[in-house]
Visitor: 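Mind looking over this structure? Questions follow.
In the text below, chain A, chain B and the rest are named by the order of the sequence lines, each starting its count at 1.
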Amino acid sequence: MVTLGGHIKETGSTTKTKTGGWRTFKPVIHMDKCVDCGCCWIFCPDMSILRKDGEYSVDLEYCKGCGICSRECPTGAIEMVLEEK
Amino acid sequence: MIKIKEIRFHGRAGQGVVTAADILAMAAFQAGKYSQAFPFFGVERRGAPVTAFARISDDFIRLRSQIYYPDYIVVQDATLLDIIDVAKGLKKDGKAIINTEKKPEELNINTDAEVYTVNATKIALDILGVPIVNTLMLGAFAAITKEVSLEALQQAIEKRFPPKLAEKNARAVEVMYKSLED
Amino acid sequence: MATDVIHGSKAVAEAVKLCDVDVIAAYPITPQTRISESLAKFAATGAIRAEYIKVESEHSAMSACIGASATGARTFTATSSQGLAYMFELLFVASGMRLPIVMANANRALSAPLNIWNDQQDSVSARDCGWIQIYVETNQEALDSVIQAYRISENHEILIPSMVCLDGYVLTHTMEPVDIPEQDLIEKYLPPFKPALSLDPDSPITLGAFANPSTYMEFRYEQQKAIERSFKAIEAAGKEYGKLTGREYGLLEEYNLDDAEIVLITMGSLAGTVKETLASLNDRRIGLLRVRAFRPFPKDDVRRLLKDVDKVAVIEKDISVGLGEGALFSEIKSSLYGLDSQPSMAGFIAGLGGRDVTPEDIAGVVKKVEKGFEGTGWVGLK
């Protein structure tokens, strides 16, 4: 829609764009190797690492599969696995 | 066509040449005339030759070009005579006013117009305490050309300068003006 | 109304003062410096209530204006030459976001070679940035145009930023009589700024985000439609201003056009010298068309006014290197395209880098055109 100067009145509208569909590889977290350092959570550019009470999971609706979490994990607890579609 | 009187000022950067043109425009306006003043800056360096221009008319002045055929020239620093042709284009029935101790006939100036010399530096040193002659040259201009009155000039000076400086300059201008009255 | 002998720079500053601006962000550059100096002084002494943001560059100045305008503040900046060039990318941002910023540009030549003197290459080169551009002839018009610019730009039908272009030195550093209108008169003319959009933490919106190929063109189209609406708004603002002050303005100024066979065309302060030259030639066959609004360009009016003229000669202080003519000449030719009886056309480049343009130069152009000169030429080229 063409609004004045391209303004967007609705807040949080980017959540409508589910970027999970862009993914080829998905991160799989092996909690046995996790030391709860939080690096994956800090570095994820899409806020797709979910952290709760020391437990980590991936929000696959938005994770683009970039692999930054896997690269940054100091213990190698995150594996990038080819996603069968 | 409207008659415009054109005045060209010559001096060196730092001598208040541009201010002189501005004050003349203000004074002419105070006296009910239309006026215009503008500088030509060359290299912006202290000591470099500077030219400033003023026009006075009964009507709004639309002309924006520099002045090539002035009715009057005002030269604040006679040492410029050796460097530039200050009288270039000066109308035959025009007037040249030059700050120097010398007499007109002692000067090397290329013009058929009337040449007046005034010792503005001496008055400036006596009254202002500094060899800044821009306002004094305006006093001489007023007395010699009658294009603006002494009062209008003093009013413009009061408007342009802070009170103390304005008072000194207004006094100096009066001394110059009266010294040239017939 | 108080009339005073003031510089063009001061006239602009006085206009900004009268417009009760909220935010000023400017960076000094010759020959604009006295505008930002005067405004900084006004702000420091409480003569205006505007926030004066000191920035480290023109890029930042325009960025600050964009941010301020987006929050709903009436904003002002001023620049010149290299400064305008340095602002270039933000000029598009301001217009694309439809922010009614007003700027004064002290027209000056661009480097290299380094030159601080007047021509109009700087703003003419920015003609496609989506800003309204008004070129003024006198210090009075500079003051009046800044005030009108707010009224035009802030109109919710328009919302396009405006650039008031005044010739560097020739106006900025020239003292001449200027009427400074009373504050209450301008308050009547220019109501407080009511933004169409504004950034507010309590009801957030996004400005200047993103448009992909499926929508971008439509934004440009909307800008074009909005600036087309400004034709009427510029004329109305000029007329209304005339009612209050006695000084009326339009898109174009016609001088001695009624019986004119030869029409000279120019922008900015050069028009004064042309008028004076024509007055001394005293020939009713020669007239002047002064283009005041270069953007939006009043094509239809130009066509209407020139359709029965024999010869047209454009004199301008800019050149499109590689095309070999000035932008104004190109626009005039394009305005007259397809006329049954097209006038003969000549375009002259003059006054680049502060080269003085004299009445003799103008008379020379007239003589050349009378003898049948067509195409492009240079005035005063050594």
Visitor: If I compare all heavy atoms of A:Val2 with all of C:Glu222, which pair ends up nearest, and what's the gap?
Guide: CG1-CG, 3.5 Å

Visitor: What's the spacing between A:His7 NE2 and C:Leu197 CG if we round to 0.5 Å?
Guide: 5.0 Å

Visitor: So does C:Asp300 have more than 12 non-hydrogen atoms from other groups sitting under 6.0 Å from CG?
Guide: no

Visitor: Heavy-atom distances under 4.5 Å only: say whether C:Leu159 touches chain A with side chain, backbone, both or neither.
Guide: side chain

Visitor: Top residue by heavy-atom pair count (under 4.5 Å) with chain C, among A:Thr3, A:Thr11, A:Leu4?
Guide: A:Leu4

Visitor: Could you check whether atom CE of A:Met31 has more than 12 heavy atoms from other residues, nucleotides or ligands sitting under 6.0 Å from it?
Guide: yes

Visitor: Surrounding CZ of A:Arg51 (heavy atoms of other residues, nucleotides or ligands, distance under 6.0 Å), is the total greater than 12?
Guide: yes

Visitor: Where on C:Glu218 is there a heavy atom nearer than 4.5 Å to chain A: the side chain, the backbone, both, or neither?
Guide: both

